[in-house]
Amino acid sequence: MAYQGGYYQDPNQPYYGNQYPQQPGFNPNYPPQQPGYPPQQPGYPPQGGYPPQSGYPPQGGYPPQGPGFNPAYPPQQGYPPQPGFVQPPTMPTGYGSAYDAESVKGFDFNDQSIRRGFIRKVYSILTLQLLLTAGLISLFLFHQPTQLWVKSHPEMFWIALGVMIVALITLACCGEVRRKAPMNFILLILYTASQGFMLAVTAANFKSNEVIMAVGITAAVCLGLTLFAFQTKWDFTVMGGILFVAVLILMLFGLIAIFIPGKTISLVYASAGALLFSIYLVYDTQLMMGGEHKYSISPEEYIFAALNLYIDIVNIFLYILTIIGATRD
């Protein structure tokens, strides 16, 4: 009997069953063959790697690594940012309304491109309003049949006055309406047409040269005041309360002037009104500009900004026309 691998084996006896001699380095647990284990097929595993398992790779991409890391890629929730990671900017939604340097769609209103675009939009709307008003005044001033028709239908003036008041109150008090197209443009057209009709009826009572002179003076005054508002360091946006009180005083003075007719009181009243609305024009222009001024108006309020400037210009024109008519009476 010979010694074989730690036990004695008779060389004359054959091996039976699975009682084979243990070889040096033999691991009896490797690999554990399971019942029904499929045999290896030719060409297995498939070329190109195994198919990805369910849930792999993780949704949202891999976490940022070192080489080739994109610093603008947002990290996974709870994943610590790598050195040099830059958090991408978030974009807030919604608008503000009127008022100190609010952000609009992720950009500050102080941004030059947004401010220039807003100002261009306001002045484009204002130009169309003034052209419509000038066309109505010219029609009533130089077309005789139109003058006669208006004089024979005085009720049209009161209809226009009612439409103007309703449209003005709606645009001034209903913020959602004036910020929603096309209703804001419809109301602005109604207001401009009714105001232009009333101005045309008023201008028809003056001579054509007086109206043309008033238009020229108004254009020069408004241009000068606009340039002054753009370049001055004085902040007129803090004068809102003072200007409101001044308007109330002017209205009270106008009621008194009704019962004290005369050229002198008409000149004083018209001069005070022209001065007050000239300051209002600077005030509204700086509200539209924003920037370094304390108060500003949201770029969403382009209809409201154009309406304010139009009212200022119309009042300046009316008071200047009154001054010219009083001096030539």
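Only this structure's heavy atoms are used, side chains among them; waters, hydrogens and symmetry mates stay out. All values derive from a computational prediction rather than experimental measurement.
- Considering only heavy atoms from C-beta on, Y269 stays 4.5 Å or farther from T322 through its side chain.
- Cluster note: F259 groups with L255, I258 through ILVMFWY side-chain heavy atoms spaced under 4.5 Å, whether in direct contact or through intervening members.
- Using a 4.5 Å cut-off between side-chain heavy atoms of Ile, Leu, Val, Met, Phe, Trp and Tyr, with links allowed through other members, L128 and I125 fall into different hydrophobic clusters.
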- Message: Between F236 and L243, is the side-chain contact (heavy atoms from CB on, under 4.5 Å) condition met? List the steps.
- Response: CA-CA 10 Å; F236 284 81; L243 292 175; over 6 Å; no
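- When all heavy atoms of Q147 and L141 are compared, the closest pair comes out as NE2-O, 2.9 Å.
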Below 3.5 Å, can you tabulate the donor-acceptor pairs from side chains in residues 183-191 to any protein atom, sequence neighbours excluded?
from: N184; atom 1: ND2; to: R178; atom 2: O; distance (Å): 3.1
from: Y191; atom 1: OH; to: Q195; atom 2: NE2; distance (Å): 3.2

- Message: I'd like to know whether V314 forms a side-chain contact (heavy atoms from CB on, under 4.5 Å) with F277, so could you lay out the CA-CA distance, the side-chain angles of the two residues, the decisive distance to 0.1 Å, and finally the verdict.
- Response: CA-CA 9 Å; V314 165; F277 281 96; over 6 Å; no
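- Between L130 and T192 the shortest side-chain heavy-atom distance does not fall below 4.5 Å.
- The structure places CD1 of I119 at 11.5 Å from OG of S124, a figure rounded to the nearest 0.5 Å.
- Of the possible polar contacts, one joining the S152 side chain to the W149 backbone as a donor-acceptor pair under 3.5 Å is found.
- Cluster partners of I249, using a side-chain heavy-atom cutoff of under 4.5 Å among ILVMFWY residues and allowing indirect links, are V245.
- The shortest distance between side-chain heavy atoms of L276 and Y319 does not fall below 4.5 Å.
- The same ILVMFWY cluster, assembled from side-chain heavy atoms under 4.5 Å apart, contains both V247 and I169.
- Of all the heavy atoms in F206 and G325, the pair that sits closest is CE2-CA, 3.9 Å.
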Residues 131-138, side-chain donor-acceptor partners within the protein, below 3.5 Å, at least two apart:
from: T133; atom 1: OG1; to: Q129; atom 2: O; distance (Å): 2.9
from: T133; atom 1: OG1; to: Y310; atom 2: OH; distance (Å): 2.6
from: S138; atom 1: OG; to: A134; atom 2: O; distance (Å): 2.8

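- In this structure, L227 shares a hydrophobic cluster with L223, the cluster being traced through Ile, Leu, Val, Met, Phe, Trp and Tyr side chains under 4.5 angstrom apart.
- Residues L307 and L126 fail the side-chain proximity criterion, which asks for heavy atoms closer than 4.5 Å.
- Evaluation of the side-chain hydrogen bond (donor to acceptor under 3.5 Å, both in side chains) rule for T146 yields H143 as partners, not counting sequence neighbours.
- Summarising the geometry of V166 relative to T170, their closest heavy-atom pair is O-OG1, 2.8 Å, with the distance given to 0.1 Å.
- Taking OG1 of T218 as the start and CG of L321 as the end, the distance is 8.0 Å to the nearest 0.5 Å.
- Following chains of ILVMFWY side-chain contacts shorter than 4.5 Å, one cannot reach L225 starting from I242, and the two form parts of different hydrophobic clusters.
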- List the steps and the verdict of side-chain contact (heavy atoms from CB on, under 4.5 Å) for L199 and F140. CA-CA 10 Å; L199 284 175; F140 282 58; over 6 Å; no
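- Rounding to the nearest 0.5 Å places OG of S208 at 10.5 Å from CE of M213.
- Judged by distance alone, the side chain of S271 and the main-chain N or O of V268 form no donor-acceptor pair under 3.5 Å.
- Within the 4.5 Å cutoff, the side chain of Y123 has no heavy atoms near those of the Y302 side chain.
- Screening residues 236-254 for side-chain hydrogen bond (donor to acceptor under 3.5 Å, both in side chains) gives D235-T237 as the qualifying pairs, with residues at least two apart or on separate chains.
- In the hydrophobic clustering, L267 connects to I323, either directly or through intervening members, whenever side-chain heavy atoms lie under 4.5 Å apart.
- No continuous path of hydrophobic side-chain contacts links L148 to V201 [ILVMFWY only; heavy atoms under 4.5 Å].
- Remark: W234 pairs with no residue by the ring pair (Phe, Tyr, Trp, His ring centres under 6.0 Å) rule, at least two apart or across chains.
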Donor-acceptor pairs are to be reported for all side-chain atoms of residues 155-164 against protein atoms at under 3.5 Å, with residues two or more places apart or in another chain.
none

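- For residues 272-286, no residue pair satisfies the side-chain hydrogen bond (donor to acceptor under 3.5 Å, both in side chains) rule, not counting sequence neighbours.
- The CD atom of E210 sits 11.0 Å away from atom CG of N205, with the distance rounded to the nearest 0.5 Å.
- Residues I303 and V122 fail the side-chain proximity criterion, which asks for heavy atoms closer than 4.5 Å.
- When the salt bridge (Lys or Arg N to Asp or Glu O under 4.0 Å) test is applied to E176, the partners found at least two apart in sequence or on another chain are R179.
- A continuous path of hydrophobic side-chain contacts links I279 to V238 [ILVMFWY only; heavy atoms under 4.5 Å].
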